[in-house]
Amino acid sequence: MTSKKETPWVSVAIDGPSGAGKSTLARAAAEKLNFIYVDTGAIYRTVGLYALRRGADPKDEAAAEKLLPEIRVAMEYAPNGLQRMLLNGEDVTDLIRTQEVSMTASAVAAHRAVRTFLLKMQREMAETRSVIMDGRDIGTVVLPKADVKIFLTASSEARARRRWLELQRRGTPKEFDEILQETVRRDADDANRAVAPLRPAADAVTLDTTGLNFEESLERIIEIIRERIGL
Ligand code: DC
């Protein structure tokens, strides 16, 4: 049970490396608990897409920072509850899901100016409703006072295998070794960056889903949330 809070809203932070199942699990948990699901990776992906379109080197902090005044990122919720991303008014929800955008997003997300630019909108999302927010630094930076913090992880092999299966299912298969290498590389980039690196908050509950299937992982997440907020 948590101590008395200033707002009636509950916030749940779910952080962890790519492919740990954060987004699917967070979305399902939010639906079960009737919270809003906020995918913060989509915000970085939107900035990544803009950098890509402008041909800017995403690793160059000054170049990325120069683009920021040109970017308006907005998040909307469709009637079915799905989050849509708008880039300067254009719906880019589907365009930000490519591997190229993943790598660019990871690069632009390393810059302090980019993170500061996106911080306010993320915090505001949790001010007027109950949310489950997933990302890399939600429990440590964005919502340090979140009621529940979960660090969701799984071995790199397990995460690469899930991605391999997903790509097969989508009809766009790829070599397992290549996926594993990309997974390890993106983890290292996210964990080793100087600003808001990926790491569990001191008060986070770590959940390793390597040996768990989707239903088991979801059950554990709901349990952790219910225990913490005393539902
Ligand atoms: O969760 P995702 O794969 O959609 O995120 C894309 C990239 O954005 C990821 O490589 C790291 C970055 N990211 C971040 O730095 N902080 C967040 N809160 C969310 C994502």
Side-chain angles (χ1 to χ4, degrees), residues 11-30 36-52 58-59 61 64-65 67-68 71 73 75 82-85 87 92-126 131-144 146 149-154 156 159-160 162-163 166-167 179-201 204 209:
S11 53
V12 178
I14 301 188
D15 291 302
S18 58
K22 289 189 307 287
S23 55
T24 12
L25 287 164
R27 185 179 300 120
I36 291 275
Y37 164 56
V38 183
D39 167 9
T40 63
I43 310 176
Y44 288 94
R45 286 170 178 271
T46 302
V47 174
L49 175 67
Y50 189 78
L52 210 62
K59 288 202 153 67
E61 174 146 31
E65 189 168 359
L67 298 179
L68 296 178
I71 305 180
V73 182
M75 212 188 266
L82 288 184
Q83 175 181 323
R84 313 290 308 173
M85 292 309 304
L87 169 60
V92 294
T93 311
D94 301 322
L95 299 176
I96 57 175
R97 293 295 151 195
T98 65
Q99 187 60 18
E100 204 183 12
V101 173
S102 296
M103 300 313 277
T104 316
S106 180
V108 294
H111 306 314
R112 185 181 296 280
V114 173
R115 305 200 71 87
T116 307
F117 176 72
L118 299 174
L119 187 58
K120 191 164 161 262
M121 77 178 279
Q122 294 174 78
R123 288 196 172 144
E124 281 173 359
M125 296 301 294
V131 295
I132 297 189
M133 194 176 283
D134 85 358
R136 304 294 190 286
D137 62 337
I138 309 305
T140 50
V141 177
V142 179
L143 304 176
K149 297 180 185 177
I150 298 173
F151 193 78
L152 200 67
T153 185
S156 35
R159 290 183 287 121
R162 289 174 193 164
R163 176 87 184 137
E166 184 191 328
L167 289 177
I179 299 174
L180 181 59
Q181 272 173 25
E182 274 169 13
T183 306
V184 170
R185 195 182 124 202
R186 199 142 73 97
D187 284 357
D189 286 350
D190 291 347
N192 295 328
R193 68 183 176 213
V195 192
L198 171 68
R199 62 178 172 79
T209 65

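Scope of the values below: all heavy atoms of this structure, side chains included, with no hydrogens, waters or symmetry mates. Nothing here was measured: the structure is a model prediction, and the numbers come from that model. Just follow the structure's listing: the first ligand is 1, and inside any ligand the first atom is 1.
- Salt-bridge annotation for Asp187 and Arg159: present, with a side-chain N of the basic residue lying under 4.0 Å from a carboxylate O of the acidic one.
- The salt bridge (Lys or Arg N to Asp or Glu O under 4.0 Å) with Asp39 is formed by just one residue from the set Arg45, Lys22, Arg97; it is Arg97.
- For atom 4 (O) of ligand 1, the closest non-hydrogen atom on the protein side is Arg45 NE, 2.6 Å.
- If you check which protein heavy atom lies closest to atom 1 (O) of ligand 1, you get Arg136 NH1, 2.9 Å.
- Assignment of Met103 to the shell around ligand 1 is not supported, since no heavy atom sits closer than 4.0 Å.
- A salt bridge between Arg136 and Asp190 is present, with a side-chain N of the basic residue lying under 4.0 Å from a carboxylate O of the acidic one.
- Contacts between Asp134 and ligand 1, counted as non-hydrogen atom pairs separated by less than 4.0 Å, are absent for every part of the residue.
- Within the 4.5 Å cutoff, side-chain heavy atoms of Leu95 are placed close to those of Leu49.
- Comment: Arg186 does not engage Glu182 in a salt bridge, judged by the lack of any side-chain N to carboxylate O separation of less than 4.0 angstrom.
- The nearest protein atom to atom 5 (O) of ligand 1, hydrogens excluded, is given as Gly41 CA, 3.5 Å; this is a heavy-atom distance.
- Protein heavy atom at the shortest distance from atom 12 (C) of ligand 1 is Ala109 CB, 3.7 Å.
- Here His111 has no heavy atoms under 4.0 Å from ligand 1, in either its backbone or its side chain.
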